[in-house]
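Proteins come first, then strands; the chains are lettered A, B, ... in the order of their sequence lines, and each starts at number 1.
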Amino acid sequence: MNILVSYNWIKEYLKTNLSPEEFAKEMSAKSMSVETIDRLRDRFANMVVGVVKELKAHPGADKLRLAEVDIGREVVEIVCGGKNLAIGMRVLVALPGAQVRWHGEGELITLEKATIRGVESFGMICAPSEVGFDKAYCPEGGIWDLSELTEAKPGTDFVGALDMDDVIFDMEVTSNRPDAMCIVGLAREAAAATGDNFEFDLPLLPEASGDKKLEVNVKDSDLCPRYMAVVIDGVRVGPSPAWLQKKLLLAGHRPINNIVDITNYILHEYGQPLHTFDYTKLTDQEINIRRAKDGEKFLALDEKEYELTSDNLVIADSTRPVAVAGVMGGQDSGTWDGTTTIVFEAATFDPVSVRRTSRALNLYSDSQLLFEKGLSSQSPAIALAKAIELTLELAGGQVASRIFDEQKEDYKPLIFDVRPDKIRQRIGVEISDEEIERILTTLGFTLDKVEDHYRATVPFWRDHDIEDEVDFSEEVARMYGYDNLPSVLPSSPPPITMEEPSVFWEHWFKNKLSSAGYTEFYSYSFVSARDLEKYDLDPAEAVSLFNPLSSDLTHMRTSLMPSLLSSIELNQREVSQDQVFELSRIYLRQENDLPDERLNLTISHFGINDIEQALLKLKGVLEMIADQTGFDLSFERVEDNIKWHPTRSAKILADGQEIGMLGQVAEAYTKAFGIDRPVAAVEIDLEKLIPRLKLTRHYQPIPEYPAIVRDIAVGVEEKTAFFEIAETIKEQSPMIESVMMVEVYRGPGLAHDVKSLTLSITLRAPNRTLSSEDADEVMNRVRDTLKEKFQAVLR
Amino acid sequence: MKKELEQLRDDFLGALESAGDSLGLEELRVEYLGRKGKLANVMKKLPDLAEDMRKEAGQFGNEIKKVLETAFLEAQHTVNQFEERTRRDAEWIDITMPGIAPLMGSLHLVTQAIDEISTILHQLGFVRSRTPEVDWDWYAFESLNMPKDHAARDEWETFFIQDPKADKVLEGKKGKVVLTPHTSNSQVRELEKGQLPIRMFNINKCYRRQSDVSHVPMFHQFEGLLIDKNVTITELKGVFDFFVKNFFGAERKVRLRPHHFRFTEPSFELDISCDICGGSGKLESGACRLCKEGWLELGGAGMVHPNVIKAGGLDPEVYSGFAFGWGVERTLMMRSGMNIADMRIIYRNDLRFLKQF
């Protein structure tokens, strides 16, 4: 969570001479990080206060006017469209060189003298959003009327006129530290980080009494550990004084009226949300802190109606909810211009309940943000004391009731035993006891030394984040400064641990396949039920999400094939053919256990019309893998697997065990995924294969004697298997070293069911150089046998 | 005979002029200088001369021969040079034609990042684990010191698995079943193995209920874990330094910034200096937009919380350690200065995207 922090405001509590840059550096290194530094003197360079002297119509545009503006040294003419522009108004004039954001949108631009619709304009009269104050009051289509904020003379620089010579830090506060989500909390942190002094006196509640009736009933103290309220009568609701408005603007809050501004001021300064009700709008002057009834309706400040459930805590009068506790007030129960009697609420609510209510209703606010992080039950008293003080000062009136204070239980501060040796051991450097004491004391901890350790009392504002002795080591380490720690590599010997084989092989396969020319797909692990169904996988058998993000991503995939086919479909318009693979886990449901996460592999060629080529290439890849990893690869024709083409597919076997399929994806499935071209694919369950893989290398001695190579063209009936022919040839002589396929020919010159295979036969003897006659003799035998066995036609 | 030789010389020199190419030259050489050539024919007559004439004629013959040979070599040289030039000229190739790309596949960006990260961590003796992506609440949350009501355990942040038999979240022996929203489920799983010391890293798919231009519902994190006796923050700093300098470059600076995670104490964010503005936070054109005052957030880290060590079955008084981790996609993009407008393209499998890497 982020907060805008005025350095001047910080300095009300932190006595420091550090430059803004030094402050930011120390805070980032030791406490909450400063994300940006906004120097107002720079932001408002070349901006001055001007006073409108005269207004004239623009000769060329109905919606624009020409304003004669006194900027001190001269009166200049400025073209302006601001609807609320009036003679005598104090306005913000951006002069050439100033940086503004046109209409509050887009990039900052540097202003130059410009001619607008034919009239030269010397600068610009700005709306608040054009100079970064989105939340300052400004009527629609208007400009910023500074009359109430400054009485400075024309020509005074803006920063000086509004007393805004300040630096604003945008700081990120970690979610465990809502106590630092405010000026006082950050000033305290800064004191520990910089060594400068933190000066802050807790405001005290006044003695209070009065005769205004109010009934406060906490019906569910688990969800509301503390509820405080007080009635103040005779207030005058109106604009806040300029100093308060300016502070709120710099803090990113919208000034509204003095009462609401006081609550936001205290929120920003102390980090404790407050809420106010119009006393007269509380039916029967009752405040009931209870769970909502199921179906109960609530009209919130944002003018929307919300339907509540008993999971939501509300503040209700005798008839209806007037606020969703800690989240947002109601539309018609808050302070408005006519309010004269108010009820201040200062409370703590259960953080989890606030968070869940806020998410369930999709309703967010500054208060909810803090409450859901967990606030101390001791904060409301301080915030309420300050609220009473400021209200009497700024809105008048008097306290008209006792201070109601419903607290679940008496507060007992947390106490831990803290061993300084443990702190030093964890950080790795010698930090003195004195330094440890300084750091912890500045942060508000109270330390009692008991023998070799401290009894440390946790300040109330830290009672949610300090949970254990170990937390003290963080406080000391960060304030000592991580920058001050040396950087050393672990000195102990590394353990002797072997990586899981699958981790190694995953890497190996991916690298081989990409080297072989395949592009890696990487898909979501979840698919839609529809995707599974398209591939005839039963979604009911898959691991499914209880709370999916969309209907596209509902089921953990039980096969990589649907992802593959979807991705091919996605690509087919732009890429006519390609070769791809994906190696990833699939998730198979198991009774009473986590799913079986199995590494699977798909390799595919799509878009090649010559499917025979595609399949042979895939087979070649498998052969390469088998060759390098030492398993025995074989194939078995499959004709009855509906997912695969009945005459173009085979089981893949490793050492005789089935590990997957090779083939053309059956047309029904490519069509189901909208693919208009054939897809050849391999699908392998790698978990079955990995145990068989090894990286043993085999060495074949280089032959001593030369080989003779003879080519032969064999015309055979179409369905004659190459394997049979090759085996038959090899049987003819031990001299035949190999039979290689060179080319398959079908077409003119051959009968329609005949193919001609050009084979290359290598002959070699281990102990001598073969003669041409040797080869002739073998080849004759080969020819005769082929003719006889396959009715082959030889050419 | 002298006359005859002089005539022969003049004829030869004249013929050389018009010999043309190397073939013509060779013919000339054979005609005049060959074993049965014209010069040899004249010289054959030498023995017929009177003795006193013979010596002089012989010497003159040799001189002529030298002249012819030299002239021939010169002519040959000239012709060869010319022919070489002509040949080279004919062999001209247009080197501005586009190169022919080799048939290459490509590894997905994330795979490339995983390989690089693994290589660096292997050097420090870290070993990659294999950890489930669908896991018990115990490993994903409970054992990591995250209380039951922690925001991350809410249904709007984490994906839960459906009970196939009832309309509720699947529950089993170690709690609800979730899609791991981070890689930290590997911590207690590794501790439970009881093999010490530990130097482990886990790179895995993670899942969170978010999908927009800067978030994908599935992404990758990596997680390093070191557990031993007396481990200190200074060693975490050392490992982080080593990683950053290897992955991002030796000139990059690192910074540990206080942060908060439930399963580490102390916790930090790990920042590295911005390479666009050189760590200054400023560019000539104004503030650097990539970083925050000169620093880029890389990831989170911290000393493993004693409760986590306890949950893994070890005594936190004896064992301590640190963990660190961050998003893989983000890390990769930070290093490459890549600006992918919509993160979701990373897992869309558009080949026009994939083939760029």
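- Heavy-atom distances place both the backbone and the side chain of V470(A) under 4.5 Å from chain B.
- With salt bridges taken as basic N to acidic carboxylate O contacts below 4.0 Å, one links E317(B) and K422(A).
- For chain B, the option among R356(A), E500(A), M498(A) with the highest count of heavy-atom pairs below 4.5 Å is R356(A).
- Under the 4.5 Å side-chain criterion, counting only non-hydrogen atoms from C-beta, L564(A) is in contact with V580(A).
- Of the residues considered (I427(A), V543(A), V352(A), L485(A)), I427(A) shows the highest number of contacts with chain B, using heavy-atom pairs under 4.5 Å.
- In terms of non-hydrogen atom pairs under 4.5 Å with chain A, the most contact-rich of K173(B), K174(B), M200(B) is K173(B).
- With a threshold of 4.5 angstrom between heavy atoms, N571(A) approaches chain B through side-chain atoms but not through N, CA, C or O.
- With a threshold of 4.5 angstrom between heavy atoms, D163(B) does not approach chain A through any atom at all.
- A side-chain N or O of N349(B) and one of S523(A) form a donor-acceptor pair less than 3.5 Å apart.
- Under the 4.0 Å criterion applied to side-chain N and carboxylate O atoms, R426(A) and E469(A) are not assigned as salt-bridge partners.
- Side-chain contact between N185(B) and N202(B): present, with at least one pair of heavy atoms (C-beta onward) separated by less than 4.5 Å.
- Proximity to chain B (any heavy atom under 4.5 Å) is restricted, for D578(A), to the side chain, taken from C-beta onward.
- Across all non-hydrogen atoms, the minimal contact from M32(A) to T174(A) is SD-N, 3.6 Å.
- Contacts between V488(A) and chain B at a heavy-atom distance below 4.5 Å involve backbone atoms as well as side-chain atoms.
- Between K229(B) and E235(B) there is no salt bridge, since none of the side-chain N atoms of the basic residue sits less than 4.0 Å from a carboxylate O of the acidic one.
- Of the atoms belonging to D167(B), heavy atoms from both backbone and side chain fall under 4.5 Å from chain A.
- Shortest non-hydrogen contact noted between H305(B) and D471(A) is NE2-OD1, 4.5 Å.
- Put simply, of Q195(B), H259(B), R130(B), the one with the most heavy-atom pairs under 4.5 Å next to chain A is R130(B).
- Only the side chain of A477(A) comes within contact range of chain B, with heavy atoms under 4.5 Å apart.
- Proximity to chain B is absent for every atom of E541(A), based on heavy atoms less than 4.5 angstrom apart.
- Heavy-atom distances place both the backbone and the side chain of L594(A) under 4.5 Å from chain B.
- Under 4.0 Å is where a charged nitrogen must lie from a carboxylate oxygen, and between E172(A) and K292(B) no such pair does.
- Only the backbone of V231(B) comes within contact range of chain A, with at least one heavy atom under 4.5 Å from a heavy atom of that chain.
- For chain A, the nearby part of D241(B) is the side chain; its heavy atoms alone come within less than 4.5 Å.
- Of the atoms belonging to N230(B), it is side-chain heavy atoms, and not backbone ones, that fall under 4.5 Å from chain A.
- When each of R199(B), R262(B), R255(B), Q210(B) is checked for heavy-atom pairs under 4.5 Å with chain A, R199(B) comes out on top.
- Residue contact with chain B, scored on non-hydrogen atoms closer than 4.5 Å, involves the backbone and the side chain of P490(A) alike.
- Residue contact with chain A, scored on non-hydrogen atoms closer than 4.5 Å, involves the backbone of T158(B) exclusively.
- Both the backbone and the side chain of F159(B) come within less than 4.5 Å of a heavy atom in chain A.
- Both the backbone and the side chain of I37(A) have a heavy atom closer than 4.5 Å to some heavy atom of chain B.
- Listed for the E499(A) side chain is a donor-acceptor partner under 3.5 Å among the backbone atoms of R128(B).
- No donor-acceptor contact under 3.5 angstrom links the side chains of T131(B) and Y139(B), judged on distance only.
- Interface residue L179(B): only side-chain heavy atoms are found under 4.5 Å from chain A.
- Contacts between L226(B) and chain A at a heavy-atom distance below 4.5 Å involve the side chain alone, from C-beta outward.
- Residues R257(B) and E269(B) are paired through a salt bridge, judged by an N-O separation under 4.0 Å between the basic side chain and the carboxylate.
- Neither the backbone nor the side chain of F357(B) comes within less than 4.5 Å of any heavy atom in chain A.
- Heavy-atom distances place no part of K193(B) under 4.5 Å from chain A, backbone and side chain included.
- Between R598(A) and E687(A) there is no salt bridge, since none of the side-chain N atoms of the basic residue sits less than 4.0 Å from a carboxylate O of the acidic one.
- Of the two parts of T264(B), neither the backbone nor the side chain holds a non-hydrogen atom closer than 4.5 Å to a non-hydrogen atom of chain A.
- When heavy atoms are compared at a cutoff of 4.5 Å, Y587(A) approaches chain B solely by way of its side chain, counted from C-beta outward.
- Neither the backbone nor the side chain of E21(A) comes within contact range of chain B, judged by heavy atoms closer than 4.5 Å.
- Annotation: maximal heavy-atom pairing with chain B below 4.5 Å, among S175(A), G517(A), S491(A), occurs at G517(A).
- Heavy-atom distances place the backbone of V34(A), and not its side chain, under 4.5 Å from chain B.
- Using a 4.5 Å heavy-atom cutoff, the side chains of W295(B) and S28(A) are not in contact.
- Inter-residue side-chain proximity for R153(B) and K176(B) is flagged as unmet; no heavy-atom pair is nearer than 4.5 Å.
- Residue contact with chain B, scored on non-hydrogen atoms closer than 4.5 Å, involves the side chain of E574(A) exclusively.
- The residues D350(B) and R348(B) are annotated as not salt-bridged, no charged nitrogen and carboxylate oxygen being separated by less than 4.0 angstrom.
- At a 4.5 Å heavy-atom cutoff, the contact between V134(B) and chain A is made by backbone and side-chain atoms alike.
- Here P258(B) is the residue among G238(B), P258(B), S320(B) with the most heavy-atom pairs under 4.5 Å with chain A.
- For F324(B) and F240(B), the ring centers sit 6.0 Å or farther from each other.
- Taking the charged nitrogens against the carboxylate oxygens, R585(A) and E506(A) have no contact shorter than 4.0 Å, which rules out a salt bridge.
- Checking T111(B) against E520(A) by side-chain atom types alone, a donor-acceptor pair falls below 3.5 Å.
- Most heavy-atom pairs under 4.5 Å with chain A: of the set L256(B), D154(B), D271(B), L354(B), this distinction falls to D154(B).
- Both the backbone and the side chain of D593(A) come within less than 4.5 Å of a heavy atom of chain B.
- Of the atoms belonging to M303(B), heavy atoms from both backbone and side chain fall under 4.5 Å from chain A.
- For chain A, the option among P197(B), G172(B), G281(B), G125(B) with the highest count of heavy-atom pairs below 4.5 Å is P197(B).
- Within the 4.5 Å cutoff, side-chain heavy atoms of K205(B) are placed close to those of S525(A).
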